[in-house]
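Quick caveat, the model's predicted, so the values are computed rather than measured. These numbers come from the heavy atoms of this one structure, side chains and all, not from hydrogens, waters or symmetry mates.
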Amino acid sequence: ELPRGPGPFDLGAQSGRWAAFQKRHGLSCEEAARLLLDAYEHRGLVKHTGGCHCGAVRFEVWASPDLHVFNCNCSICTKKQNRHFIVPASRFKLLQGADNLTTYTFNTHCAQHTFCKTCGVQSFYTPRSNPDGYGIAPHCLDDGTVQSIITEDINGKEWEKAVREHKTIRDMSKP
């Protein structure tokens with residue numbers, strides 16, 4: 001089955017490879033095209049999958065296999081032991097469980113601390129430092145795609161100063 005669109009689509013000498021790839025992986029034409037586009041658009045990144053403890057919430061995120069994780073000492077991150085890496089919203093996709101998420105906010109109400117209603121695990125959230133992205137808990141990722149983790153302490157007790165002085169944190173949610 002060849003892709004259908006506004007005009008003719010000719011894969012030329014790649015037609016056989018395309019059909020074999022689809023058959024080998026049991027993919028529709030659209031699913032195969034999505035894999036190709038994802039791989040091309042996110043070169044150098046890997047697709048990590050993960051979720052909460054009970055499995056009600058599942059997500060995928062395109063990020064480096066070498067993660068830059070923040071260890072924040074603000075009041076909520078300390079209580080939850082919230083370590084996270086930041087990605088642009090365009091590289092995050094909630095696969096299931098939107099109806100099983102609830103949100104907690106406080107103080108400025110900018111950070112959206114989402115967590116599973118069933119098991120209480122926060123596998124991702126919207127950080128105050130990057131409201132256009134997501135903070136992903138590396139310990140909620142499935143095994144097999146993380147090569148290394150570098151952890152950076154950030155002084156969330158003096159949040160405004162820490163974010164103002166950090167050279168790259170605001171850019172981490174930019175595509």
Side-chain angles (χ1 to χ4, degrees), residues 25-28 30-31 34-35 37-39 41-42 44-159 162-163 166 168-175:
H25 296 285
L27 300 170
S28 71
E30 181 180 348
E31 290 167 331
R34 186 180 313 115
L35 279 175
L37 289 168
D38 283 349
E41 289 174 345
H42 300 298
L45 305 178
V46 297
K47 181 166 62 171
H48 302 280
T49 56
C52 66
H53 184 260
C54 71
V57 175
R58 297 289 299 159
F59 64 87
E60 67 183 32
V61 60
W62 285 91
S64 171
D66 303 301
L67 302 178
H68 182 129
V69 174
F70 288 101
N71 181 30
C72 180
N73 68 352
C74 78
S75 62
I76 195 162
C77 287
T78 297
K79 295 246 184 212
K80 291 191 308 175
Q81 293 294 290
N82 178 33
R83 291 171 189 84
H84 59 278
F85 62 97
I86 298 170
V87 298
S90 63
R91 294 192 188 143
F92 175 87
K93 181 179 179 184
L94 182 62
L95 301 174
Q96 71 182 44
D99 58 336
N100 213 54
L101 288 171
T102 191
T103 302
Y104 172 71
T105 66
F106 68 100
N107 195 14
T108 65
H109 302 284
C110 188
Q112 303 290 306
H113 298 275
T114 52
F115 57 96
C116 175
K117 291 179 188 177
T118 304
C119 66
V121 169
Q122 175 183 290
S123 48
F124 63 90
Y125 81 113
T126 305
R128 179 179 173 194
S129 63
N130 298 75
D132 56 345
Y134 288 95
I136 311 297
H139 50 274
C140 289
L141 297 178
D142 299 333
D143 290 339
T145 54
V146 176
Q147 279 186 320
S148 67
I149 296 177
I150 295 170
T151 304
E152 177 183 357
D153 290 337
I154 190 158
N155 186 6
K157 289 181 180 178
E158 297 179 83
W159 189 91
V163 171
H166 198 283
T168 60
I169 195 167
R170 295 263 190 200
D171 294 332
M172 292 179 167
S173 56
K174 306 296 182 248

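By the 30° and 60° cut-offs, the orientation of the rings of Y104 relative to F106 is parallel. Taking the six-membered ring for Trp and thresholds of 30 and 60 degrees, F124 and Y134 have ring planes more than 60 degrees apart, a perpendicular arrangement.
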Go through it in stages, so that I can follow the logic: the residues are F115 and C52, the test is side chain to side chain contact (heavy atoms under 4.5 Å, CB included), and I'd like the CA-CA distance, side-chain angles, deciding distance and then a yes or no. CA-CA 8 Å; F115 57 96; C52 66; over 6 Å; no
For D142 and T49, what are the C-alpha separation, side-chain angles and deciding distance, and is it a side-chain hydrogen bond (donor to acceptor under 3.5 Å, both in side chains)? CA-CA 6 Å; D142 299 333; T49 56; 2.6 Å; yes
Give the intermediate values and the outcome of side chain to side chain contact (heavy atoms under 4.5 Å, CB included) for residues H48 and I136. CA-CA 10 Å; H48 302 280; I136 311 297; over 6 Å; no
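In plain terms, the two heavy atoms of A111 and R128 that are nearest each other are CB-N, 3.7 Å. Nearest heavy-atom pair across V87 and W62 is CG1-O, 4.1 Å.
Here K174 pairs with D132 under the side chain to side chain donor-acceptor pair (under 3.5 Å) rule; sequence neighbours left out. With sequence neighbours left out, R83 forms a salt bridge (charged side-chain N to carboxylate O under 4.0 Å, His left out) with no residue at all. H166 meets the side chain to side chain donor-acceptor pair (under 3.5 Å) test with E152; sequence neighbours excluded. In this view, H109 and T105 satisfy the side chain to side chain donor-acceptor pair (under 3.5 Å) rule, not counting sequence neighbours. Remark: K157 engages no residue in a salt bridge (charged side-chain N to carboxylate O under 4.0 Å, His left out) (not counting sequence neighbours).
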Residues 95-102, side-chain donor-acceptor partners within the protein, below 3.5 Å, at least two apart:
| residue | atom | partner | partner atom | Å |
| --- | --- | --- | --- | --- |
| Q96 | NE2 | G55 | O | 2.9 |
| N100 | ND2 | T118 | OG1 | 3.0 |

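Distance CG/L94 to CZ/R58: 10.5 Å, rounded to 0.5 Å.
Annotation for K117: atom NZ counts as buried by contact number, over 12 foreign heavy atoms lying within 6.0 Å.
Checking side-chain atoms of T126 against main-chain N and O of P131 turns up no donor-acceptor pair under 3.5 Å.
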